[in-house]
Participant: 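Following this message is one structure expressed as structure tokens.
Because the structure is predicted, anything quoted here is derived from the model rather than measured.
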Amino acid sequence: VVARAGETGLAFVDAEPLQTPRCCAYATTGGGFGELQLSNRRALAYSFRSVEPDWQPAEGTWMTHSGMACIAWDYWLTGKGEPVATAFNHKPQPADLHVDFWISEYTEGFADGEHRHYPYHDVSLITCAQQRERDSGYRFVVGADGGKAVLLYKKGSQVAETTDSRFSIRMAGHCNIPRSMHVVVSQQTGVLRLSLDGVEALRYEDPEPLAGGLVGIGVEGCAVDFKDLWMVGTGPK
């Protein structure tokens, strides 16, 4: 166990290490946390500040850049789904998995100084894929049906859905509401959960859970920006 707070660090070798996969941060007095990082030898983190060789486009157009954005982002990966864009990480992951990332609207600037916000919707996270195909595993879809629903597919068949308005994405004249979303997916022993901006949107218990496989991201019918994606396998490979 290695820990650091500012310039102070410590290291400890545990002869009987604990196996519980959960972590917790807490404070006994008032205050807040900043720049908290948890890492694991099997954790993968991608800021998309440059081309990430681990991510390989399967279809559509993908761009890594630091161009036009009207939110406080400096780097991101853009997928253009015209009609579909998908990319897969080439490192297979176990079925028990945690994936965390941000998505946002795509913005384009023009030579005359004007810019335009485009709607974003139908954004996919693919897990347990057996091939570089979006319906070869689980597929979570945020903003399905043009931003109205959140769906979960298993090998191309829909197994869960919500149309709760808290998770909808819509254009509000100049830009989208919300401008960006924090997406977290957790898979543990056949229980799949999807949270958006800290609120659980979907929960599905699979009686016949899929084995581990490839992880992918995608978008259909629009463009979307991805930022700060990290994932960690919490079960055996």
Participant: Which is it for Asp100 and Val183 under the side chain to side chain contact (heavy atoms under 4.5 Å, CB included) test, yes or no, and what are the steps along the way?
Facilitator: CA-CA 6 Å; Asp100 185 313; Val183 182; over 6 Å; no

Participant: Answer yes or no: is there a donor N or O on one side and an acceptor on the other, between the side chain of Gln187 and the main chain of Ala95, under 3.5 Å?
Facilitator: yes

Participant: Looking just at side-chain N and O atoms, do Ser136 and Gln130 make a donor-acceptor pair shorter than 3.5 Å?
Facilitator: no

Participant: Roughly how far apart are Gln158 CD and Leu152 CG, rounded to 0.5 Å?
Facilitator: 8.5 Å

Participant: Do you know which two heavy atoms are closest between Asp228 and Phe48, and how far apart they sit?
Facilitator: N-CD1, 4.3 Å

Participant: Under 3.5 Å, is there a donor on one side chain and an acceptor on the other for Thr61 and Glu82?
Facilitator: no

Participant: Answer whether the closest heavy-atom distance between the side chains of His115 and His174 falls below 4.5 Å.
Facilitator: yes

Participant: With Tyr46, which of Trp230, Trp55, Phe101 fulfils ring-ring contact (aromatic ring centres under 6.0 Å, His included)?
Facilitator: Trp55

Participant: If hydrophobic clusters are built by linking Ile, Leu, Val, Met, Phe, Trp and Tyr wherever their side-chain heavy atoms come under 4.5 Å apart, do Val99 and Leu44 end up in the same one?
Facilitator: yes

Participant: Using the rule that Ile, Leu, Val, Met, Phe, Trp and Tyr join whenever any side-chain heavy atoms are under 4.5 Å apart, tell me whether Trp62 and Tyr120 fall into a single cluster.
Facilitator: yes

Participant: Distance to the ring centre below 6.0 angstrom and angle to the axis at most 45 degrees; does that hold for Arg132 and Phe88?
Facilitator: no

Participant: Heavy atoms, side chains only, cut-off 4.5 Å: are Thr64 and Glu52 in contact?
Facilitator: no

Participant: Taking all non-hydrogen atoms of both residues, which atom of Ala201 and which atom of Thr162 are closest, and how far apart?
Facilitator: O-CG2, 3.5 Å

Participant: Would you indicate whether the side-chain heavy atoms of Leu125 and Val215 approach each other to under 4.5 Å?
Facilitator: yes

Participant: Among the clusters formed by ILVMFWY side chains lying less than 4.5 Å apart, do Ile126 and Leu97 turn up in the same one?
Facilitator: no

Participant: If you measure from NZ on Lys148 to OG on Ser168, what distance do you get to the nearest 0.5 Å?
Facilitator: 10.5 Å

Participant: Kindly say whether Gly146 contributes a backbone atom to a donor-acceptor pair with the side chain of Asp122 at under 3.5 angstrom?
Facilitator: yes

Participant: Taking only Lys NZ, Arg NE, NH1 and NH2, and the carboxylate oxygens of Asp or Glu, determine whether Lys227 and Asp74 approach each other closer than 4.0 Å.
Facilitator: yes

Participant: Under a 4.0 Å threshold between the charged nitrogen and the carboxylate oxygen, would Arg116 count as salt-bridged to Glu108?
Facilitator: no

Participant: How about Trp76 and Thr78: does a side-chain donor come under 3.5 Å of a side-chain acceptor?
Facilitator: yes

Participant: To the nearest 0.5 Å, what is the distance between CG (Asn89) and CG (Leu214)?
Facilitator: 8.0 Å

Participant: Using a distance-only test with no angle check, is there a side-chain donor-acceptor pair under 3.5 angstrom linking His182 and Asp197?
Facilitator: no

Participant: Indicate the atoms forming the closest heavy-atom contact of Tyr75 with Arg49, along with that distance.
Facilitator: CE1-NH1, 2.8 Å

Participant: May I ask you to check whether over 12 heavy atoms, not counting those of Arg170, lie within 6.0 Å of atom CZ?
Facilitator: no

Participant: Could you tell me which residues satisfy ring-ring contact (aromatic ring centres under 6.0 Å, His included) with Tyr204, sequence neighbours excluded, listed by chain and number?
Facilitator: none

Participant: Spell out, yes or no, whether Tyr153 and Val142 are grouped together once hydrophobic residues are joined by side-chain heavy atoms under 4.5 Å, including indirect joins.
Facilitator: no

Participant: Shared ILVMFWY cluster between Val199 and Ile169, side chains joined below 4.5 angstrom?
Facilitator: yes

Participant: Does some side-chain heavy atom of Lys154 sit less than 4.5 Å from a side-chain heavy atom of Leu210?
Facilitator: yes

Participant: Determine the interplanar angle of the Trp102 and Trp73 rings, folded into 0 to 90°, and report it as parallel if under 30°, tilted if 30 to 60°, perpendicular if over 60°.
Facilitator: perpendicular

Participant: Measure the CG-CE distance between Leu229 and Met231 for me, rounded to the nearest 0.5 Å.
Facilitator: 6.5 Å

Participant: Determine, stepwise, if the pair Gln188 / Thr234 fulfils side chain to side chain donor-acceptor pair (under 3.5 Å).
Facilitator: CA-CA 8 Å; Gln188 289 290 327; Thr234 57; 2.4 Å; yes

Participant: Find the distance between CD (Glu220) and CZ (Arg134) and round it off to the nearest 0.5 Å.
Facilitator: 4.5 Å

Participant: So, for Thr163 and Ala149, which heavy atoms are closest and what is the spacing to 0.1 Å?
Facilitator: CG2-CB, 4.0 Å

Participant: Any side-chain to backbone donor/acceptor pair from Asn176 onto Pro178? Under 3.5 Å, distance only.
Facilitator: no

Participant: Give the minimum heavy-atom separation between Val184 and His98, together with the two atoms involved.
Facilitator: CG1-CE1, 3.5 Å

Participant: If you look at every heavy atom in Val224 and Ser104, which pair is closest and at what distance?
Facilitator: CG2-O, 3.3 Å

Participant: Any non-hydrogen side-chain atom of His117 less than 4.5 Å from a side-chain atom of Arg179?
Facilitator: yes

Participant: When rounded to the nearest 0.5 angstrom, what is the spacing between CD1 in Ile217 and CZ in Arg139?
Facilitator: 13.5 Å

Participant: Do the side chains of Tyr138 and Val159 get nearer than 4.5 Å, heavy atoms only?
Facilitator: no

Participant: Looking just at side-chain N and O atoms, do His121 and Asp145 make a donor-acceptor pair shorter than 3.5 Å?
Facilitator: no

